[in-house]
Every structure is written in structure tokens, then in C-alpha cells.
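Accompanying notes for the structure given below.
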2 protein chains.
Amino acid sequence: MTDTTRKPTINDVAERAGVSKSLVSLVMRNAKSVSDHRRAAVLAAAEELGYRPNAIARSLVSQKTHVVGVTVSDFRNPFFTDVVEGIATVAKANGYQTLINTGDRTPHGETEAIDTFIQLRTDGIILVGTVVDDETIDRIGTVSPLVSASYASGSLKIDSVVTDDVKGARLAVEHLVGLGHRDIAHITGGKGAGANRRVRGFRAAMKAEGLSERARVVEGEFTESGGISGVAELFGSGTKPTAVFAANDQAAIGVLRGLTARGIVVPNDVSVIGYDDTNLAAFEHINLTSVHQQRVLMGMTAMELMLERVAGSRQSARCVTLEPRLTVRGSSGRAPS
Amino acid sequence: MTDTTRKPTINDVAERAGVSKSLVSLVMRNAKSVSDHRRAAVLAAAEELGYRPNAIARSLVSQKTHVVGVTVSDFRNPFFTDVVEGIATVAKANGYQTLINTGDRTPHGETEAIDTFIQLRTDGIILVGTVVDDETIDRIGTVSPLVSASYASGSLKIDSVVTDDVKGARLAVEHLVGLGHRDIAHITGGKGAGANRRVRGFRAAMKAEGLSERARVVEGEFTESGGISGVAELFGSGTKPTAVFAANDQAAIGVLRGLTARGIVVPNDVSVIGYDDTNLAAFEHINLTSVHQQRVLMGMTAMELMLERVAGSRQSARCVTLEPRLTVRGSSGRAPS
DNA sequence: ACGTTCCATTGGAACGTTCCAACCTCGTGG
DNA sequence: CCACGAGGTTGGAACGTTCCAATGGAACGT
């Protein structure tokens, strides 16, 4: 009562209800061994004062925050927002909050974001499409439960959940070859999470089809401009491909744009395939054939792995692999004869 | 030294460096009145132990968390992610973290999310495109600094930042009228934030043009399906419009889709205008004329208002209005004669 | 030589909870 | 009638920081 602006504490409630703070604490956590009339009195007092338990103080003593930190490399990429949605859904269902941070796509920024989580003592950290190196991941893994989504870390300390990108790339190649394409190019995702596996998958699949020497690979990025510059390189010199497999949907959209600007018609002249099968690909006016990733499931699985770790029910590292599949739309068609 | 797994505390560092915990505290907050050799000793000890200050304990005594809670109604709408990006940028630049939560688009879910923020004692709360009612907003405003983005609350306790949607709608109408259109329809955003203002602006602008009786308004939603059903209604019966103004880009994309399905050519037969001017509108294959909102600026402004409140440098409520402008692309053209 | 000021440093009291051992008060069985 | 256990309740000690008043020197001017 001394200061009317200050938020009421457990002691204020106790005083008003005429009980000890310990009893208020028990009521707030609805313990069973509390008599009905006391419980009612406490709840009434709490209601009257507008008391809300202080999660900060609670965390300090219980050594649990019920918050998991999530770093996401790019907020604008719908792939990531879907993964985050999956994480948030499972988190909320289990009484966890999510603290979201973006590392500005740089290793340094992301490391800083992670450090903040450590200082905040989040119960765990989930990296979505991380760009930090394995050594750093390993180091953090010793300090905090850590799960990586969309990037398979080499570290033995942490869990990860990824799509089988090698297979995803193979699905794309097989589809194109089935349509009669032989000169197929891949625009990579640069240093982005999963980019390596897609390149390897592409090369392996082309080899399996006996098309190794016709496979072209050019360096790109997981962005629209990455796709545009890839097209410039592919169609500037050398044998022009009849099909382009881009490392993600945003890059594929850049490819569509680059091709249109050159007067090349999709899919009549050139077929295009993306990766992720985001909502973008599904828009009728884009209508992009794309390798589907189970994005929301990826996020949900990541959070489930985290819950196992937090509960201490599992010590060993686990890597969950999700199956890709191909969603065929209008941007891929028969190879020109 | 008793427990090797436990995280080191300020006392461990103090002991190792041979100083008091108070001095360690000073070094950690890099206060100036510390001798160089002691500072070096403390930093060395901290480094060796891998000490990271516990932000929880710090918050408890300082009564500041340096975290702001952000509720966002729909993660998948790129408009919101841009606003959040603006918030996060300014927050980070000022040493604040953002805790993001989605209320599952329901008032109840959002209220719950807000309550969690209150228990966590976030320094403030920013609502992005909120769906909760004015009364609740008002109540929360007495407990915590509160800023609403994209929705102008009637509450006098809280700050808000919105786009001048009445003017935005007028820009759309004037553009269409300038192209010779007279039968113009509007598909609304239903109960979404800002939807009302856009309807009012549309009606007012049509009236100003002397076209009140030719204005058609049908109920929609801020989603693709909202646009599709709007088209079904508009072109199912009654005078068919030559131009459709949708309440946001996602709905406009639904409109494009619905029109294409009916064999109606854009913009030759019908012109379409969206709202938000998201990245979607800019995609070459969508190429949508749209009313531009300064999304990132909206987020940045919201966070700046929050900072003023947190610093206590302002008590009175403020409502910042941002200017819309029209981005003309390929989906709007001259009215058919 | 002696106050005075200033700087570096310190221990103890907060902050608002939970946890734990201890304490009543019954009722019950021996 | 007493020992015992169980249910309900309590005060004090954590948790890991920051804040504050106090301390001990060193430097300074007179």
C-alpha cells in the first residue's frame, strides 16, 4: 500500500488474504494440499489487487524460464516463417514461449543473438537455417540444449531436423529427364543452409542419368537476385540449358524474371524448378514446379526434439530426416525438340 | 567448484579473480571507476570460466528486462513480417530483445499471449494488427506501455501508428477514375485491422467523384480466398465492375485468380488494385498495382514510440499517421470503351 | 602534519519468487 | 492415554544479480 503504482507482489496478496506468502505461492501453482476456504481467499485477494506472478523471480529460483530462443536467418523467406510457426505451435502447447531473433544473415550477428539467449537463460535454442560454423555450434551445444532445423550440423552434441535434400534434388532431375531434358543447370544457394546437399544431390542424380558432362552448376544465393544473376551467367555463354533447377523458390522466381526479360518463354523454351514449395510457388501467376519440404512439420519436430532434451529424457544426439516430394505445376514441361 | 556442470556465477568469477562480487559486477557493466589491473584480472577470470551474466537475476533487481513483447496476428502475411522486421531493427539498435507471439488470429489467443508478456514483465508490448477489442486494450494499457501498429485504438492510454487508409483508398479510386473507370467495386478486409478505414475511404472518394451510386462494396477478408469469393459475388450478378479495389494484396491475388478462372483478362477487361504493396505485388508475374504502406517504417516508428514510453520521456498518448502512396504496375489500365 | 577530497573497493540488503524443514492440529490405532 | 502420521501452514534460506552506504588509502593544498 505504500506505493500505488508498483505492481503487487506475492506478499501484498498474502497480507490481504491474511496468510503466508508460501501459501499464496502454493495456490498460484494450484497445489492440492490447500484448504478450500484459504484458496478462495487467496484467489479473491489476487483478483482484487490484479496480481500477476512475476515470471522473472520464479525463473531465478526454479532455474527454468520456459522460453526457447529461436534464431532465423531470414524473416522474409516464407519457408522460415512456416518453420517458426511449427515451432511456436508445439511450444505453446507445452507451455513454452518463443523468443525470436534474426542474425541479419551474418555469422557474427547470429552468434550475438545466440549469446543474448544464453544470458537470458532460455531453456534451449533452436537455430533455423543457421549460418554459423560447426565449431561454434559445438561450443554452444555444451552450454545449452540446441536444435538445428534445416541445417545438419556435424556436431555430435546437438539434434537436427532436415529434409533429405539429396533426394529432393534427385526428384527434380528425374522429373526433368522424364520430360526429355538433358541440358540441365543448377543455380546453388551459396552458403545457405542445405545448399551443399542440394548441389551434391543434383550432381549425383545427373551422373546416375549419364548426364554428368551436360550438368552445369553456377553459384547463386537463396534470394531473387541470386536467381537473376544465375540466369545471366547461364544464358550469357556456353551451352544454354533447357531446364533450370534453382536452390529455392525465391531464386526460382528470380530465374523466371530473368528469363522473361530475355524473351524466353517458360515452360516452352525452358523449364524451371524451385525448392521449398512455399506459398509463393503455389500462386497461380507464378505456378512453379517445386520440391516440397514439410516446413511446419520441420518446426514442430525441432521443438519436440528440444522438449526431449529439456526434460532430460534423452542424452544422445538425434538427426531426423524428412522426406521431400515433388509438386508439379506449370513451370516445367517437355523439352523443346 | 562443487558442481562442474552448473553455470558459473558472479561469485565464482570474484573468487577466481580474488576480488569482491561487486567489483565483478562493475567490470561487467564496464563502469569507469575500476583500476586497469583489476579489470584485466576479472575479465581473464570470466573468460576462463566461460561466465555469462544472468539476465534473469539482473532483471529482478533492476526491474527492467530489456525485452519487448510483440504480438502479430498473422505470421504468413508478409506485411506483418516487414513490420516486425522494423520493430526488431530499432529494438536491437537500442539493446532490446523482441519476444514474438502469435495469438492464432483470435481475441482470446491474443489476450493470452499478452498475459504471458505481462507475467514475463516485458518492458512493453507492441500489438501488430491486433484483433482484441478497445476495452481490453485500455485495460492492458494501464498495466504496461502499449503500442498498436496498423490498428488505431480508441484508447487514450496507448500509442498507435497507422497508415492514412482513407487517403490510401482515395488514391486507388482517383487512379481508376483517371483511367476512365466508373463502375468500381471494393472487396473489404472483414474484421481485420484497418479494413474499416479503407471502406470509409473508398465510399468517400467515390462520392467525391460523383459515383456514389455506382460504387459496389462486398464483404471479404485479408486472404486469397477472401478475394476469390469477392469476385464470385461481384461477377455473379448485378452490374459488373470494370475495376476492383481489394483490401490487401493477398485478397487482390485472389481476385486475379478468380478473374483468370472466368476468362477475364487483366487489365484489358478489368483493372485490379491491391493494398500494402508487399513483395508479392512486385513479383513480375503478379505485377499488381497497389497502395503502398511504409511497412518497415511502421515497425520502426512503433518501437520508437515504445522507447519514449519506456524512458518515461512522454506521458500523453500519440498516434502517428504514415502517408500511403500509389505504386502503379500492370494490373491497372484504361477502362474498356 | 593534517584535514579534505576523490578514487577504488567492499559487504550487506534488496528484488519476488520457490523450496525445505519444521510446526501445528487433528484423528486414529494400540 | 499416548505415539504416530497426515494434512495444512509457516518462516527462513536460497537463486544471482544490482544498489547503496561505508571503508581505506592516496593525493592534495595549506
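We name chains A, B, ... by the order of the sequence lines, and we start the count at 1 in each one. All values derive from a computational prediction rather than experimental measurement.
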(message) On the nucleotide dT18(D), are OP1 or OP2 found under 4.0 Å from the side-chain N or O atoms that Ser25(B) carries?
(response) yes

(message) With a 4.0 Å cutoff (strictly under), does any side-chain N or O of Arg38(A) reach OP1 or OP2 of dT9(D)?
(response) yes

(message) Counting C-beta onward and ignoring hydrogens, is there a side-chain heavy-atom pair between Lys64(A) and Asp123(A) closer than 4.5 Å?
(response) yes

(request) State, yes or no, whether a side-chain contact exists between Phe117(B) and Leu99(B) at a heavy-atom distance under 4.5 Å. (result) yes

(request) Report the residue (Ala57(B) or Lys32(B)) whose heavy-atom-nearest nucleotide on DNA chain C is the more 5′ of the two. (result) Lys32(B)

(message) How many whole angstroms separate atom CG of Leu120(B) from atom C1' of dT17(C)?
(response) 14 Å

(message) Between Arg29(B) and dC19(D), is there a contact of a side-chain N or O with OP1 or OP2 at under 4.0 Å?
(response) yes

(message) Below the 4.0 Å mark, does dT18(D) have OP1 or OP2 next to a side-chain nitrogen or oxygen of Gln63(B)?
(response) no

(request) Could you check how far NZ of Lys7(A) sits from C1' of dG16(C), rounded to whole Å? (result) 13 Å

(message) With a 3.5 Å limit on both atom pairs, tell me what dA26(D) is paired to, counting Watson-Crick and G-U wobble, or say none.
(response) dT5(C)

(message) Any heavy-atom pair between the side chains of Gln294(A) and Thr163(A) that's under 4.5 Å?
(response) no

(message) Any side-chain N or O of Ser62(B) below 4.0 angstrom from OP1/OP2 of dT18(D)?
(response) no

(message) Taking the minimum atom-to-atom distance to the side chain of Val34(A), which one of dT10(C), dT9(D), dT17(C) wins?
(response) dT9(D)

(message) Can you tell me whether the side chain of Ser22(A) and the base of dG11(D) have a donor-acceptor pair closer than 3.5 Å?
(response) yes

(request) Specify the separation, in whole Å, of atom CG of Asn11(A) and atom C1' of dT18(C). (result) 13 Å

(request) Counting heavy atoms from C-beta on, name the nucleotide in dT18(C), dT17(D), dA8(C) closest to the side chain of Arg58(A). (result) dT18(C)

(message) Within a 6.0 Å radius of atom CD on Glu15(A), are there more than 12 heavy atoms belonging to other residues, nucleotides or ligands?
(response) no

(request) Calculate the interatomic distance between Leu23(B) atom CG and dC19(D) atom P; express it in whole Å. (result) 15 Å

(request) Find the distance Lys21(A):NZ to dT10(D):P and express it as a whole number of Å. (result) 10 Å

(message) Could you identify the nucleotide paired to dA6(D), looking across every strand shown and requiring Watson-Crick or G-U wobble geometry with both distances under 3.5 Å?
(response) dT25(C)

(message) When you compare the side chain of Asp133(A) with that of Pro107(A), does any pair of heavy atoms fall below 4.5 Å?
(response) no

(request) Take the protein atom CG of Leu26(B) and the nucleotide atom C1' of dG16(D), then report the distance between them rounded to whole Å. (result) 15 Å

(request) Examine the base of dG11(C) for any acceptor or donor lying under 3.5 Å from a partner atom in the side chain of Ser20(B), and report the outcome as yes or no. (result) no

(request) Examine dT9(D): is either OP1 or OP2 under 4.0 Å from a nitrogen or oxygen in the side chain of Ser35(A)? Give yes or no. (result) yes

(request) Would you kindly give the CG-to-P distance between Leu60(B) and dA14(D), to the nearest whole Å? (result) 17 Å

(message) Distance check needed: dT17(C) P versus Arg52(A) CZ, whole Å only.
(response) 11 Å

(request) Return the 5'-most residue of the pair Val19(B), Met28(A) with respect to DNA chain C, ranking by each residue's nearest nucleotide. (result) Val19(B)

(message) I need the single residue from Ile158(A), Ile114(A), Asp115(A), Thr111(A) that forms a side chain to side chain contact (heavy atoms under 4.5 Å, CB included) with Ile140(A). Which is it?
(response) Ile114(A)

